[in-house]
There are 2 protein chains.
Amino acid sequence: MPVILRPSQALRLWQQVCLSEVRGAMPDLTERQMAILLTIYLDPPPHTVRGLAEKLNVTKPVITRALDTMSGLKFVKRHRDASDRRNVLVRRTVEGALFVERFGDVVVARAAELSL
Amino acid sequence: MPVILRPSQALRLWQQVCLSEVRGAMPDLTERQMAILLTIYLDPPPHTVRGLAEKLNVTKPVITRALDTMSGLKFVKRHRDASDRRNVLVRRTVEGALFVERFGDVVVARAAELSL
DNA sequence: AAAGATCGTTTCGGCCCCGTATCTTTGCCG
DNA sequence: CGGCAAAGATACGGGGCCGAAACGATCTTT
């Protein structure tokens, strides 16, 4: 069940969502942070720094820093892997789930408003 | 003709588009810059600094700086208003139109890939 | 023409992100 | 054990964006 979307609708949707986020007072995540957060909440665990770095095609420090920031926001939690202590497993939080859920609702609402 | 989208589809779409942008080598615009650029290309002209600032609910320096950056990328052009020289009219460029068009195509493509 | 309002820009100090290189901890294997 | 590899974090210099305030240029009003 692909979603059918014309380019003008896609652009208008993106604009409306960006405007909603910019106008609102929500914490301002960068595109990379957003990609990481959504991957953690949509793709099946476990999530490691290395795995995320490979999936996003960025270096490991990028992931570490993004996790620092999003840990500060309580959107994710770090957890040492017991079976291999070198690994850090990234886990979801209630606050992060709420943020992601709210964001999805914003996209759905703006999509429903499209008319063209 | 609203676009029907379920939350899980909306989030997956956003993730896939963010991943496409992060992985690619395209110039990295902030959420604010994206909102400004899309507004310039989707909403009818004329576009002024003050008008954009009000529409995004941000201060004027935010707009000035974003226009500086996007002018450097050739995505927009500044143009003094002849009838009131205090105003700056923001105009579109070929490069900007190409960038916006390509971005819309990315969103459409990722939407078409959704399955859930 | 002088005073005041409007528009966009600039300045300032501060913060966060970037990429590269280096470091620490941990696991692996001879 | 000792050396090496792997995972993640940290250090460093650089650059961009931030909000608030001050600035110069241009209308508008009186």
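Order of the sequence lines fixes the chain letters, A, B, ..., with proteins taken first and strands second; residue numbering starts at 1 for each chain. All values derive from a computational prediction rather than experimental measurement.
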### Message
How many whole angstroms separate atom CG of Leu73(B) from atom C1' of dC17(D)?
### Response
14 Å
#### Entry: Between P of dC17(D) and CG of Leu56(B), the distance in whole Å
15 Å
### Query
Taking 4.0 angstrom as the limit, do Arg12(A) and Asp43(B) come out as a salt bridge?
yes
### Task
Please report, rounded to the nearest Å, how far the C1' atom of dA22(D) is from the NZ atom of Lys60(B).
12 Å
#### Entry: Over all atoms of both residues, closest heavy-atom pair of Gln33(A) and Asp28(A)
OE1-O, 4.2 Å
### Between CG on residue Asp81(A) and CG on residue Leu89(A), distance to nearest 0.5 Å
4.5 Å
### Query
What's the spacing between Thr69(B) OG1 and Leu37(B) CG if we round to 0.5 Å?
11.5 Å
### Message
Nearest 0.5 Å, please: how far is CD1 in Ile40(B) from CD in Gln15(A)?
### Response
10.5 Å
### Task
Return the angle between end axes of the helix from dA1(C)-dT30(D) to dG30(C)-dC1(D), with five pairs used per end and rounding to 10°.
10°
### Nucleic acid footprint by protein, nucleotides 15-21 of chain C - heavy-atom cut-off 4.0 Å, B for base, S for sugar-phosphate alone
--SBBBB
### Query
Within a strict 4.5 Å, meaning less than it, do heavy atoms of the Arg78(B) and Ser71(B) side chains meet?
yes
#### Entry: Interatomic spacing from CG in Leu56(A) to CZ in Arg23(B) - rounded to 0.5 Å
7.0 Å
### Message
For Glu21(A), is there an ion pair with Arg102(A) - N to carboxylate O distance below 4.0 angstrom?
### Response
yes
### Query
Roughly how many Å is it from CD in Glu31(B) to C1' in dC18(D), rounded to a whole number?
15 Å
### Query
Hey, can you pull the residues of residues 77-93 of chain A with a non-hydrogen atom under 4.0 angstrom from DNA chain C?
Asp84(A), Arg85(A), Arg86(A)
### Message
Could you check whether any side-chain heavy atom of Leu38(A) comes within less than 4.5 Å of a side-chain heavy atom of Trp14(B), counting everything from C-beta outward?
### Response
yes
### Task
Of all the heavy-atom pairs spanning Arg92(A) and Lys77(A), show the shortest one and how long it is.
O-CE, 4.2 Å
### Task
Write down the distance between CG (Leu67(B)) and P (dT10(C)), rounded to a whole number of angstrom.
11 Å
## Note on the structure
dist Arg86(B):CZ -> Arg50(B):CZ (nearest 0.5 Å) comes out at 11.0 Å
### Query
Taking OP1 and OP2 of dT9(C), is either one under 4.0 Å from a side-chain nitrogen or oxygen of Thr64(B)?
yes
